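Fair warning: this is a prediction, and the values are worked out from it, not measured in the lab. Order of the sequence lines sets the chain letters (A, B, ...), proteins ahead of strands, with each chain counted from 1. All values below were derived from every heavy atom in this structure, side-chain atoms included, with hydrogens, water molecules and symmetry-related copies excluded.
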Amino acid sequence: MDILTWLLVPIVNLDLLALIAVGTFAGIYVGAIPGLSVTMAVSILISFTFSWDVYPALALMIGIYMGGVYGGSRTAILLNIPGAPSAIATALDGYPMAQKGLAGEAIGIVTVVSFIGGFIGIFALAAFAPTISDFAIRFQPRDYMMLGMLGILLVGSLSGGSLVKGIFAGAFGIAIGAVGMDPLTFTERFTFDIPAMRQGVSFIAVMIGMFGISEGLMQLHTIKATAVKQKIGRIIPSWASVRRHLPLGAQTSAIGTVIGALPGTGGDIAALMAYDHARRVTKNPEVPFGKGAIQGLVAPETANNAAVGGAFIPMLTLGIPGDAVTAIMIGALFIHGLNPGPLLMTSQPDMFWFIVSALGIANCFMLIFGLTGIRFFVKVVEMPRTVLLPVILLLSIVGAYAVNNSLSDVYWMLGFGVFGYFLRLYGYPLAPVILGVIMSRLLDDNWRRAIISDREELDRLFMGILSSPLSLALFTAVVLIFVSKTPLWGLIFRKKG
Amino acid sequence: MKTKLIGAAIALAMGAMPALADYPTKEIQGIIQWGAGGSTDTVARAVTPHAEKALGGTIVMQNLTGGVGAIALNKVAEDAADGYTILFGAENPLLYKVMKLGDKDYSDFTPVNILARGTPILVARPDAPYNTFPEMIAYINANPKAVKFGSTGPGGLPSVVTAMINSKTPVDVTYVPYDGDGPALTALQGGAIDVMPAVLGAAIEAIKGGKMKPIALFDVNPSAALPDVPTITSTNPEFADYLPWGPFFGVFVKKGTPDDVVAKLVAAYAEATKHPDFVALIEGRGFTMMSLSGAEADAFLAGWQSTTSWLVHDAGLAKASPADFGIPKP
């Protein structure tokens with residue numbers, strides 16, 4: 001059995017095993033610090049591992065990737081600052097749990113479901129890679145556009161109290177996402193002839209400001225309040241509670257795998273869509289969503305870790321990156337003398353199975369490292385505010401600077417922090433702003449591509465949607481979700497009921 | 001592994017030691033104009049470790065993207081001309097002036113090494129109803145606007161190749177814009193677009209795997225990597241006016257850098273481009289090794305700028321005339 005031999009390579013070679021462990025451990029902390037991204041870490045590693053063999057180099061990168069995607073949840077739960085865009089949804093229910101003294105339990109469940117989601121993604125990669133990549137590559141601009149529309153409709157799930165305020169926040173996010181040089185026409189939009197604005201606003205800087213700085217400012221209101229005492233009870237969730245969430249976790253993992261495998265979308269969109277899915281299918285959560293629902297943690301965290309395996313699917317079958325990290329890994333493979341493309345799987349099957357195996361091991365290390373040290377980490381929430389707030393401020397500034405080594409990102413971050421503070425003060429939800437920024441390009445670029453492809457004729461576009469089963473399914477989903485979310489729909493049903 | 005750690009420690013120690021040789025006495029900052037994982041990035045990161053050995057110094061690589069590469073170019077142009085900030089750039093800056101993307105280009109820099117150039121190739125989705133360039137033109141003429149060409153914005157390789165095609169055999173097609181050749185080639189494999197002018201290196205593996213179909217190589221000589229693909233001049237000799245043409249990658253320092261520093265960098269990179277691993281990478285990806293410096297590099301840059309600026313200007317893509325900047329007609 002050749003496959004078994006290839007799968008065993010990273011297990012029997014202790015140095016590879018150690019590199020995966022080191023990578024995963026480092027990844028968790030890189031992922032936890034907002035602004036330090038996995039993408040950045042992996043691109044630095046390309047130079048660092050240049051003279052190594054390809055296996056050790058990949059082992060370290062895969063560890064960082066797996067650990068980093070999970071690590072983003074840490075600060076989201078403890079401080080309400082997502083370490084990465086894929087952890088935005090995690091903060092919505094994770095932070096309220098920490099505020100109730102349940103941070104340990106939240107991290108515990110997140111770790112276990114991330115592990116489960118990770119494995120479902122890896123399994124999909126190992127078993128169905130060619131099928132999924134054939135499906136993923138068929139997505140046309142109009143399909144991405146409708147995916148973007150589905151994304152925008154998540155505003156309904158992320159708004160909390162007021163839908164109107166949520167729509168305002170989402171629209172604001174879309175406008176922020178449009179700033180800069182338009183990549184399709186090279187026309188400047190909302191730049192006011194300021195050269196620094198041509199690159200647009202870094203949405204990581206927006207995210208750090210909106211969540212980090214505004215959280216810090218909000219806490220100034222209650223600076224004298226004593227911190228919530230954390231219950232140090234059960235950290236590792238019981239099998240019964242894990243099993244109860246398995247059906248949801250399996251569904252959201254499937255969402256994560258497919259969204260991860262699509263070349264135009266990644267873990268951030270996967271996690272948000274999974275969160276929305278959880279809200280729709282969970283009829284009676286014990287705790288309402290947004291107040292600390294376990295389902296609100298299970299969905300995004302299974303999805304973003306499943307998206308890791310998903311992102312490798314087009315990379316290993318076609319040489320097409322599934323996200324920014326796999327794009328860099330393709331570059332790394334070239335440098336190491338490999339030629340990632342449709343022939344890689346037949347000419348070098350060992351590479352495919354090595355990556356599958358390394359991902360699996362990284363996933364196990366993630367579980368081990370994730371579950372140890374939780375007791376220490378939850379103390380962060382118990383820190384006095386006078387210590388915690390300066391730390392949040394420092395982390396935010398360092399993080400925003402690290403994105404592009406640019407001071408203007410720090411100013412953006414601070415500006416959006418203050419703006420986010422006022423949004424919070426007047427009850428505007430922040431997650432839709434980030435959602436808008438993320439979805440802006442997906443929606444805008446693909447709408448224009450779709451309509452240009454159909455010679456700028458709307459009727460041709462609709463005929464195209466109706467004639468493709470995939471587009472038709474997406475279109476139906478958009479219409480149904482939209483209708484089910486209009487207040488009118490609710491009014492009609494309440495009157496009748 | 002251990003030797004690597006020792007090597008790293010020695011390198012660090014050397015960086016910290018006071019000046020023994022004149023240059024380099026400290027870390028050199030390498031600014032890459034394009035994002036991680038792209039071809040400029042791959043080539044820059046593949047050649048630099050060999051150059052570091054020849055130079056006996058450390059070059060810390062960093063991607064600085066945005067503004068079609070202008071952000072990185074301006075950053076290096078603003079730093080001191082001491083050889084401690086070097087630019088890894090592609091062909092784009094030579095069009096900044098006519099595209100109004102910036103007022104600086106490689107005339108503000110001294111080329112250390114023009115590493116390699118790419119060859120454009122026209123590829124189509126595998127089930128497209130044409131196999132050769134004349135067949136494609138016949139199909140386009142019979143079905144105006146039906147064929148979808150991928151594009152990546154004015155000044156990029158696809159726009160230049162499209163301008164060449166339009167100047168010789170005007171075509172009535174639909175241009176679908178993508179933000180980069182990677183996403184466009186993905187769309188081609190999924191059938192969202194029909195034809196894409198791309199750089200050979202980006203398409204080579206997919207062609208070998210049967211995921212896209214080569215229509216014509218935009219060069220006068222066939223490529224060693226894909227010897228069966230016909231050159232455009234074998235069916236349409238009129239294209240020889242523009243060819244060979246292609247995107248390129250180079251290493252640059254700010255003009256005014258001391259001559260001995262430039263000489264050391266030139267020697268180091270010339271040595272590095274001879275390394276078998278780098279040669280293999282360049283050939284494997286379908287690039288043509290150039291390794292030009294000094295007057296040869298200057299002549300290459302001037303010729304490239306003249307051909308391309310006037311081509312995009314005559315195609316109506318330029319925002320300013322090359323004549324305004326004293327760029328001579330080819």
Side-chain angles (χ1 to χ4, degrees), chain A residues 15 39-40 42-44 46-48 50-52 56 136-143 180-181 183-186 195 198-200 263-264 314 318-321 324-332 334-335 337 339-344 346 404-406 441 445 448-450 452-456, chain B residues 1 4 7-8 35-39 41-42 45-46 48-49 59-68 70-71 74 99 101-102 145-146 148 151-155 174-180 182-183 185-187 189-193 201 204-211 277 280-281 284-285:
Chain A
D15 54 335
T39 320
M40 198 187 298
V42 173
S43 56
I44 290 168
I46 286 198
S47 299
F48 184 69
F50 179 81
S51 57
W52 300 14
I137 202 157
R138 298 261 155 243
F139 272 63
Q140 305 283 311
R142 58 168 181 262
D143 302 320
M181 182 120 58
L184 303 192
T185 59
F186 284 73
R198 271 193 205 155
Q199 318 166 65
L318 298 168
I320 292 170
V325 180
T326 42
I328 296 168
M329 286 198 191
I330 287 181
F334 275 125
I335 288 180
N339 290 315
L343 299 177
L344 185 74
T346 39
N404 250 335
N405 291 347
S406 130
R441 288 275 307 273
D445 293 2
R448 283 186 287 160
R449 258 175 226 141
I452 290 170
S453 301
D454 283 309
R455 307 181 201 178
E456 307 188 19
Chain B
M1 190 82 197
K4 275 164 211 155
S39 43
D41 181 67
T42 310
R45 286 184 196 268
T48 296
I59 303 174
V60 180
M61 307 291 273
Q62 186 198 336
N63 301 88
L64 192 64
T65 59
V68 206
I71 309 278
N74 291 338
M99 302 308 300
L101 287 168
K145 287 201 165 48
K148 284 175 270 186
S151 71
T152 60
T174 303
Y175 298 102
V176 185
Y178 282 86
D179 39 0
L185 288 170
T186 303
Q189 295 176 58
I193 53 174
I204 197 161
E205 287 302 313
I207 292 173
K208 284 184 187 164
K211 301 286 177 187
D277 287 354
L281 175 105
R285 297 214 63 186

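- Atom CG of residue A/D454 and atom NZ of residue B/K145 lie 14.0 Å apart, to the nearest 0.5 angstrom.
- Residue contact with chain A, scored on non-hydrogen atoms closer than 4.5 Å, involves the side chain of B/T174 exclusively.
- Once rounded to the nearest 0.5 Å, the distance linking NZ of B/K208 with CG of A/L343 reads 7.5 Å.
- Annotation for B/K211 and A/P342: closest pair CG-CG, 3.5 Å, computed over non-hydrogen atoms.
- In this structure, no portion of B/S151 lies under 4.5 Å from any heavy atom of chain A.
- Ranked by heavy-atom pairs under 4.5 Å with chain A, the list B/A280, B/G190, B/G210 is led by B/G190.
- Interface remark: B/A46 contributes backbone and side-chain atoms alike to the contact with chain A (heavy atom separation under 4.5 Å).
- Contact count versus chain A (heavy atoms, under 4.5 Å) is highest, among B/I59, B/I71, B/V60, B/D41, for B/I71.
- Checked against side chain to side chain donor-acceptor pair (under 3.5 Å), A/D143 has the following partners two or more places apart in sequence or in another chain: A/S471.
- If you measure heavy-atom distances from A/I330 to chain B, you find no contacts under 4.5 Å at all.
- Looking at every heavy atom in both residues, A/I452 comes nearest to B/V176 through CG2-CA, 4.3 Å.
- Both the backbone and the side chain of A/N339 come within contact range of chain B, judged by heavy atoms closer than 4.5 Å.
- Only the backbone of B/Y175 comes within contact range of chain A, with heavy atoms under 4.5 Å apart.
- Contacts of A/P321 with chain B are absent, with no heavy-atom separation under 4.5 Å from either backbone or side chain.
- With rounding to the nearest 0.5 Å, the separation of CD in B/Q189 from CG in A/L318 is 6.0 Å.
- Interface residue B/A146: backbone and side-chain heavy atoms are both found under 4.5 Å from chain A.
- Nearest approach of B/T42 to A/F334, heavy atoms of both residues: CG2-CB, 3.9 Å.
- Taking all atoms of both residues into account, the shortest heavy-atom contact from B/T186 to A/I137 is O-CG1, 3.9 Å.
- Heavy atoms of A/R441 lying under 4.5 Å from chain B belong exclusively to its side chain.
- The candidate with the highest count of non-hydrogen atom pairs below 4.5 Å against chain B, out of A/I328, A/L344, A/L184, is A/L184.
- At a threshold of 4.5 Å between non-hydrogen side-chain atoms, the residues B/L101 and A/M181 count as touching.
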